[in-house]
Amino acid sequence: MPMFEGLGTGGEKTAVVIDLGAAYTKCGFAGESGPRCIIPSEIKKPGITQAIKVVQYNINTEELYGYLKEFIHMLYFRHLLVNPRDRRVVVIESILCPSHFRETLTKVFFKHFEVPSVLFAPCHLMSLLTLGINSAVVLDCGYTEALALPIYEGILILNAWEALPLGGKAIHKELQARLLEECTVDTGTNTGEGLASVMSSLPEETIEDIKGKKNLAQYKLPEQLSRSTTICEGKMMVET
């Protein structure tokens, strides 16, 4: 039987699927058409105004364990509303995810939440399964980077991956620079004042809203890119 077959069948409660991203986390149940929730990958601590990112690779294991434990608890008991002991877990991960992060997350699931099992699945391969195809070049455009990986007959060609530090974060940075440089505001005393003179930076949620509603929704591929190159049986896929 294929590895991912039967995650929610046979009378057993469907598995919890978690895609823990650098900026946002998608969470839901196996077999459903979409996630139950999409929330920022962050937690808030009393007395600290700025939210803490939970996907961090350069902090000590104990601190990371505490952040992940609090965040996963929020997923289960605020958004999914299920008992973690009753359901298996599928974690969608990047092929570049450091092993110490994976081990710490596994420890949180088994030691603190006592889940029955945890399966780590590569995000590029999971994207193909939703389309029912076995071969493609998958481009994962994330928050911190864009990573392309070819897959042939369900096998990841790991030595052929390519990545660039261009993702949602780079778009946010460019949008903020343009807004601060070109936009004007009307204050109580002046009109047409430069935005940079009023504020030094824009809230992350504001830039995310602009990016989602204006830029990506209206973006069209150039004509030369709209004709996909014949790769892996003529199939090319882009994951967004």
Side-chain angles (χ1 to χ4, degrees), residues 7-8 13-127 140-145 147 167-169 171-172 203-209 211-212 239-240:
L7 285 176
K13 293 183 178 179
T14 54
V16 171
V17 181
I18 300 176
D19 185 352
L20 194 60
Y24 288 90
T25 291
K26 299 180 283 290
C27 188
F29 299 103
E32 296 186 349
S33 60
R36 289 290 183 95
C37 66
I38 302 176
I39 61 173
S41 302
E42 58 189 27
I43 58 174
K44 295 182 178 180
K45 292 286 188 179
I48 302 178
T49 56
Q50 188 173 4
I52 301 174
K53 296 287 186 180
V54 298
V55 180
Q56 300 187 47
Y57 301 146
N58 57 351
I59 59 176
N60 62 71
T61 304
E62 291 75 15
E63 192 175 7
L64 178 61
Y65 182 92
Y67 293 161
L68 289 173
K69 180 178 68 174
E70 185 173 342
F71 183 72
I72 298 300
H73 183 276
M74 180 176 63
L75 288 180
Y76 273 115
F77 300 107
R78 182 179 300 179
H79 298 283
L80 297 178
L81 303 177
V82 295
N83 186 349
R85 298 182 180 181
D86 295 340
R87 297 173 184 265
R88 293 177 288 170
V89 178
V90 178
V91 179
I92 310 301
E93 65 165 359
S94 169
I95 62 170
L96 300 182
C97 178
S99 57
H100 82 275
F101 184 88
R102 185 187 301 110
E103 292 169 359
T104 304
L105 182 59
T106 304
K107 186 178 179 182
V108 169
F109 278 119
F110 282 127
K111 183 177 180 180
H112 186 78
F113 294 101
E114 300 180 357
V115 300
S117 66
V118 177
L119 170 67
F120 286 90
C123 60
H124 292 76
L125 182 58
M126 294 298 98
S127 300
D140 180 9
C141 298
Y143 181 69
T144 59
E145 63 192 1
L147 194 152
K169 188 176 182 179
I171 297 176
H172 284 199
E204 184 79 7
E205 56 271 15
T206 301
I207 301 178
E208 178 67 29
D209 185 63
K211 183 187 73 174
E239 179 195 6
T240 58

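Computed from a predicted model, the values in this text were never measured in an experiment.
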Within the 6.0 Å centroid threshold, strictly below: Y65 and H112: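 Between Y65 and H112, the centre distance exceeds or equals 6.0 Å.
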
Candidate pair L147 and I95, rule side-chain contact (heavy atoms from CB on, under 4.5 Å), full reasoning: CA-CA 9 Å; L147 194 152; I95 62 170; 3.9 Å; yes

With a 4.5 Å limit on heavy-atom distance, are the side chains of [X] and [Y] in contact?
X: K26; Y: I18; answer: no
X: Y24; Y: D19; answer: no
X: I39; Y: H79; answer: yes
X: N58; Y: Q56; answer: yes
X: R87; Y: T14; answer: yes

Residue pair T25 / S41, side-chain donor-acceptor N/O under 3.5 Å: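 Yes, a side-chain donor-acceptor pair sits under 3.5 Å.
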
CA sep, side-chain torsions, deciding dist, call: L105, F120, side-chain contact (heavy atoms from CB on, under 4.5 Å): CA-CA 10 Å; L105 182 59; F120 286 90; 4.1 Å; yes

Nearest 0.5 Å, what's the [atom1]-[atom2] distance between [X] and [Y]?
X: N83; Y: F77; atom1: CG; atom2: CZ; value: 6.0 Å
X: M126; Y: H124; atom1: CE; atom2: NE2; value: 12.0 Å
X: K53; Y: E42; atom1: NZ; atom2: CD; value: 5.0 Å
X: C27; Y: I38; atom1: SG; atom2: CD1; value: 10.5 Å
X: L20; Y: I72; atom1: CG; atom2: CD1; value: 6.0 Å
X: I43; Y: I48; atom1: CD1; atom2: CD1; value: 8.5 Å

Salt-bridge present (E145, K169; N to O < 4.0 Å):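 Salt bridge: no.
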
Residues E32, R36: salt bridge by 4.0 Å N-O rule: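 Yes.
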
Mutual orientation of the aromatic rings belonging to F109 and Y76 [parallel < 30°, tilted 30-60°, perpendicular > 60°]: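 Rings of F109 and Y76: perpendicular, as their planes differ by over 60°.
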
